[in-house]
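Here is how names work: the chains are called A, B, and so on, in the same order as the sequence lines, proteins then strands, and each is numbered from 1.
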Protein chains: 2
Amino acid sequence: MPKLIDLTERKQFIAHATWKIMLEQGMEGVSARNIAKEAGLSLGALRYYFSTQEELLLYAESLVFEQLTEKTNEIFQEEKSPLEKIIGVLMIFLPSKEDSDMEARVRLIFKLHGSNGRKIYREEQDAALQAVKNIMSNLILLNLLKKELDVSLETDRLIHLLDGMVLDAMVRAERTTRGQQRKTIVHHLNTICKEDVGR
Amino acid sequence: MPKLIDLTERKQFIAHATWKIMLEQGMEGVSARNIAKEAGLSLGALRYYFSTQEELLLYAESLVFEQLTEKTNEIFQEEKSPLEKIIGVLMIFLPSKEDSDMEARVRLIFKLHGSNGRKIYREEQDAALQAVKNIMSNLILLNLLKKELDVSLETDRLIHLLDGMVLDAMVRAERTTRGQQRKTIVHHLNTICKEDVGR
DNA sequence: ATCTATTTAACACGATTGTACCAAATGATT
DNA sequence: AATCATTTGGTACAATCGTGTTAAATAGAT
């Protein structure tokens with residue numbers, strides 16, 4: 001009796017429409033009507049999947065984490081050198097005009113949005129922070145990190161650099177290229193690693 | 001016949017009320033009524049100083065630049081070592097729970113807000129970017145910068161680090177201390193400077 | 001064909017939005 | 001004391017907001 005519509009697939013579709021509005025109009029534009037229009041649904045249909053706006057936003061935010069984490073895991077499973085994997089993972093969180101994925105941009109909007117109101121920032125829900133922590137652990141295990149470094153300080157510095165680059169890419173969309181981003185990342189890794197990071 | 005109310009002082013007061021709302025409720029909370037209530041004014045009074053909401057926002061944004069630039073100039077005129085000045089300037093752009101100034105936080109909100117719609121990001125209106133550029137110039141003139149470095153890349157890396165730290169301070173307000181911020185800044189400067197940066 | 005879960009459409013409600021207009025109040029100048 | 005530009009408070013409007021309710025339409029399983 002259930003219809004053939006995959007419920008989670010539909011919810012994801014709506015969440016993606018929400019992301020698009022967040023990117024084009026900011027949080028001010030996130031209204032049930034705007035989202036319904038963007039998704040090509042009626043108000044009632046939207047309300048069928050998400051009974052309240054807060055529920056929709058929570059889902060849209062958790063989906064960012066899920067998709068970014070999945071991308072990260074995929075890269076880690078590829079067959080490359082450890083450093084190439086690390087670079088690849090970091091690039092996931094950097095948006096550019098060359099790729100149309102929204103996760104990286106939306107992550108930053110949600111991160112800043114959390115600073116308002118009473119909603120608290122949950123570190124374990126920040127895919128980028130978790131990825132950076134993993135990367136730092138790997139660098140230690142591989143004995144690639146310069147010995148005298150303060151690991152927690154370097155972790156912070158890397159996540160801050162990442163967030164700053166995302167903000168820059170969003171603000172200067174057309175002027176930022178993937179190559180420049182990679183160059184910056186590689187250079188930063190070189191300053192904290194013993195051996196020369198590839199390329 | 002003009003009344004004794006200083007017009008620009010009044011406009012600044014309203015702009016500061018706007019900042020407060022931006023910090024507490026985000027851009028979604030920025031409405032004429034909210035601002036009027038926060039400033040203790042009536043709708044009509046608010047409209048007397050700013051005939052339109054866009055005009056108010058433009059003024060509030062330009063005021064961020066003005067006040068941050070003024071703070072920067074003040075530090076540069078103090079009698080300290082060049083490196084202490086540089087550190088002091090960078091700290092201006094880092095908010096913390098210890099200081100109640102809003103400029104640094106509001107700057108980031110405006111910067112991200114500019115990514116929506118067709119409003120373009122103007123580099124020369126980003127007080128932090130201008131400060132970092134000045135700092136890099138000074139480092140070169142003082143011959144403190146490591147020679148092999150790519151200056152424009154290091155400029156980017158520093159502004160990105162700064163923006164990332166601001167975002168972090170806003171999101172993890174209570175957990176970030178001024179000392180940690182200074183430590184991070186000093187460490188980063190040490191990685192790009194020849195001599196040891198003080199303290 | 002019938003049943004049932006899913007999906008859509010349409011409308012109503014109170015609240016809030018930006019903008020606008022106007023009468024009253026204010027205070028320095030005459 | 002009289003004058004008048006400046007400043008303020010109050011009200012009004014059309015539009016949009018989130019939410020809720022209702023009935024109709026749809027489509028797959030039986």
Phosphate oxygens OP1/OP2 of [N]: is one of them under 4.0 Å from a side-chain N or O of [X]?
X: B:Ser42; N: D:dG9; result: yes
X: A:Tyr49; N: C:dT6; result: no
X: A:Tyr48; N: C:dT7; result: yes

In whole angstrom, what separates [X]'s [atom1] from [N]'s [atom2]?
X: B:Met27; N: D:dC17; atom1: CE; atom2: C1'; value: 19 Å
X: A:Phe50; N: C:dT8; atom1: CZ; atom2: P; value: 13 Å
X: A:Lys37; N: D:dG18; atom1: NZ; atom2: P; value: 12 Å
X: B:Leu46; N: D:dT11; atom1: CG; atom2: P; value: 18 Å

Tell me, please, which residues at least two apart from [X] pass side chain to side chain contact (heavy atoms under 4.5 Å, CB included).
X: B:Leu145; answer: B:Met136, B:Leu139, B:Ile140, B:Leu149, B:Val151, B:Ile192
X: A:Leu63; answer: A:Gln12, A:Ala15, A:His16, A:Trp19, A:Tyr59, A:Glu66, A:Gln67
X: B:Asp150; answer: A:Lys183, B:Ser152, B:Leu153
X: A:Lys20; answer: A:Glu24, A:Glu38, A:Met102

Could I get the full list of salt bridge (Lys or Arg N to Asp or Glu O under 4.0 Å) partners for B:Arg175, not counting sequence neighbours? none
Mind listing the N/O atom pairs, protein and nucleotides 16-21 of chain C, below 3.5 Å?
residue	atom	partner	partner atom	Å
C:dT17	OP1	B:Ser31	OG	3.1
C:dG18	OP1	B:Gln53	OE1	2.7
C:dG18	OP1	B:Gln53	NE2	3.3
C:dG18	OP2	B:Ala32	N	2.9
C:dG18	N7	B:Arg33	NH1	2.8
C:dG18	O6	B:Arg33	NH2	3.0
C:dT19	OP1	B:Thr52	OG1	3.3
C:dT19	OP2	B:Gln53	N	3.1
C:dA20	OP2	B:Arg47	NH2	2.4

Give a yes or no on whether a salt bridge exists between B:Glu148 and B:Lys146, defined as a side-chain N under 4.0 angstrom from a carboxylate O. no
